[in-house]
Amino acid sequence: MQSKIGAARHLLSYFHARLVLSSYPSRGLEDRLPRMDLSKGGGEPRVFKGYMATVTLHEDRVDFKRPLVARLGGNRSSTVLLGDVLKILRREPTRLVNGHIHLLTAQDDGSLRAASMSPERTVAGNPRAIMFTWQQRERYADFLAAVEQAWQRRDPSR
């Protein structure tokens, strides 16, 4: 009897997880999120809070602000000009793994890793990346849509 109850609980948790994940699809986020209109110039900067960092999105740049604890861990605050961004790399947050958004520039050697001898090659150590937890997944989607829109506005051919 106990094994049947355990199996039923497992099955219910599986379907609940599928339901939750299906309500946050990786594609089509831009259609459901409010648009940030910076085309008129003088647009208000938008602030997004992630895990161990806060980003401020301006018309032409993104400011990454790190708290003292993150700076003691080896990371630093930085500013990235949207014109210098080559690609926006992303990983959606899940219940098991934190997500991140990385503004890839010429200073980077490629995508980030979970562990590396060089702190700048890791997600937590790169000054041009911000992490998001599962509980911050809506902020992740908001920031991703806003930064992609601002980046494409800088060069419409992207």
Side-chain angles (χ1 to χ4, degrees), residues 17 19-116 118-158:
L19 178 66
V20 168
L21 289 176
S22 67
S23 62
Y24 294 99
S26 60
R27 294 184 177 96
L29 290 174
E30 297 83 12
D31 299 335
R32 295 183 293 139
L33 298 173
R35 294 283 181 180
M36 180 176 69
D37 187 14
L38 295 176
S39 61
K40 298 174 183 133
E44 291 287 321
R46 292 188 57 192
V47 178
F48 302 89
K49 175 79 174 91
Y51 181 69
M52 300 295 278
T54 302
V55 293
T56 306
L57 177 62
H58 300 272
E59 275 185 69
D60 60 339
R61 69 186 185 282
V62 179
D63 295 325
F64 291 86
K65 178 81 171 139
R66 312 280 178 191
L68 178 62
V69 174
R71 291 194 311 263
L72 290 175
N75 207 333
R76 64 183 192 278
S77 298
S78 67
T79 298
V80 178
L81 297 175
L82 288 173
D84 294 343
V85 175
L86 303 174
K87 190 174 184 180
I88 299 175
L89 303 176
R90 60 184 170 260
R91 179 181 188 136
E92 283 192 53
T94 66
R95 291 182 191 265
L96 298 176
V97 180
N98 288 339
H100 69 271
I101 297 174
H102 175 210
L103 303 181
L104 184 74
T105 65
Q107 297 172 329
D108 295 308
D109 293 335
S111 61
L112 302 176
R113 306 176 195 286
S116 175
S118 171
E120 284 203 14
R121 294 207 30 100
T122 64
V123 175
N126 191 291
R128 293 166 295 283
I130 182 170
M131 293 192 309
F132 294 90
T133 64
W134 171 252
Q135 292 81 9
Q136 297 170 326
R137 63 190 177 275
E138 289 182 22
R139 293 183 210 165
Y140 164 88
D142 290 345
F143 177 61
L144 179 61
V147 75
E148 282 184 338
Q149 181 183 2
W151 182 56
Q152 288 175 352
R153 189 178 301 109
R154 299 286 301 160
D155 185 4
S157 66
R158 292 182 188 145

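Since this is a predicted model, take the numbers as computed values, not measurements. The chain is numbered in sequence order, starting from 1.
- Arg128 contributes atom CZ, which lies 6.5 Å from atom CZ of Arg76 (distance to the nearest 0.5 angstrom).
- For Leu72, the side-chain contact (heavy atoms from CB on, under 4.5 Å) test picks out Leu68, with sequence neighbours left out.
- More than 12 non-hydrogen atoms from other residues, nucleotides or ligands lie less than 6.0 angstrom from NZ of Lys49.
- Rounding to the nearest 0.5 angstrom, the gap separating the CD1 atom in Ile101 from the CZ atom in Arg139 is 12.5 Å.
- Remark: Leu104 CG to Asn126 CG distance equals 9.0 Å, nearest 0.5 Å.
- Across Trp151, Phe48, Phe143, a single residue satisfies side chain to side chain contact (heavy atoms under 4.5 Å, CB included) together with Val62, and that is Phe143.
- Legend: residues meeting side chain to side chain donor-acceptor pair (under 3.5 Å) with His102, ordered by chain and number and at least two apart, are Asp108.
- Gln149 places no side-chain N or O within donor-acceptor distance of the main-chain N or O of Ala146, the cut-off being under 3.5 Å.
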Exercise for review: Begin from the C-alpha positions of Ile88 and Leu103 and carry the test side-chain contact (heavy atoms from CB on, under 4.5 Å) through to its verdict.
Suggested key: CA-CA 5 Å; Ile88 299 175; Leu103 303 181; 3.9 Å; yes
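- Checked against side-chain contact (heavy atoms from CB on, under 4.5 Å), Arg66 has the following partners two or more places apart in sequence or in another chain: Ala53, Phe64, Ala70, Arg71, Asn75, Ser77.
- Separating the CE atom in Met52 from the CZ atom in Phe132 is a distance of 14.0 Å, to the nearest 0.5 Å.
- Among all heavy-atom pairs drawn from Arg91 and Asn98, the shortest one is CD-O, 4.3 Å.
- With sequence neighbours excluded, the residues satisfying side-chain contact (heavy atoms from CB on, under 4.5 Å) with Leu81 are Arg61, Asp84.
- For the atom pair NE2 of His100 and OH of Tyr140, the computed distance is 8.0 Å after rounding to the nearest 0.5 Å.
- Every side chain to side chain donor-acceptor pair (under 3.5 Å) that Thr79 has, sequence neighbours left out, goes to Asp63.
- Summarising the geometry, atom CD belonging to Glu44 is positioned 10.5 Å from atom CD belonging to Glu59; distances are rounded to the nearest 0.5 Å.
- For Ala106 against Leu86, the heavy-atom pair with the smallest separation is N-CD1, 3.7 Å.
- Between Gln136 and Tyr51 the shortest heavy-atom distance is OE1-N, 3.4 Å.
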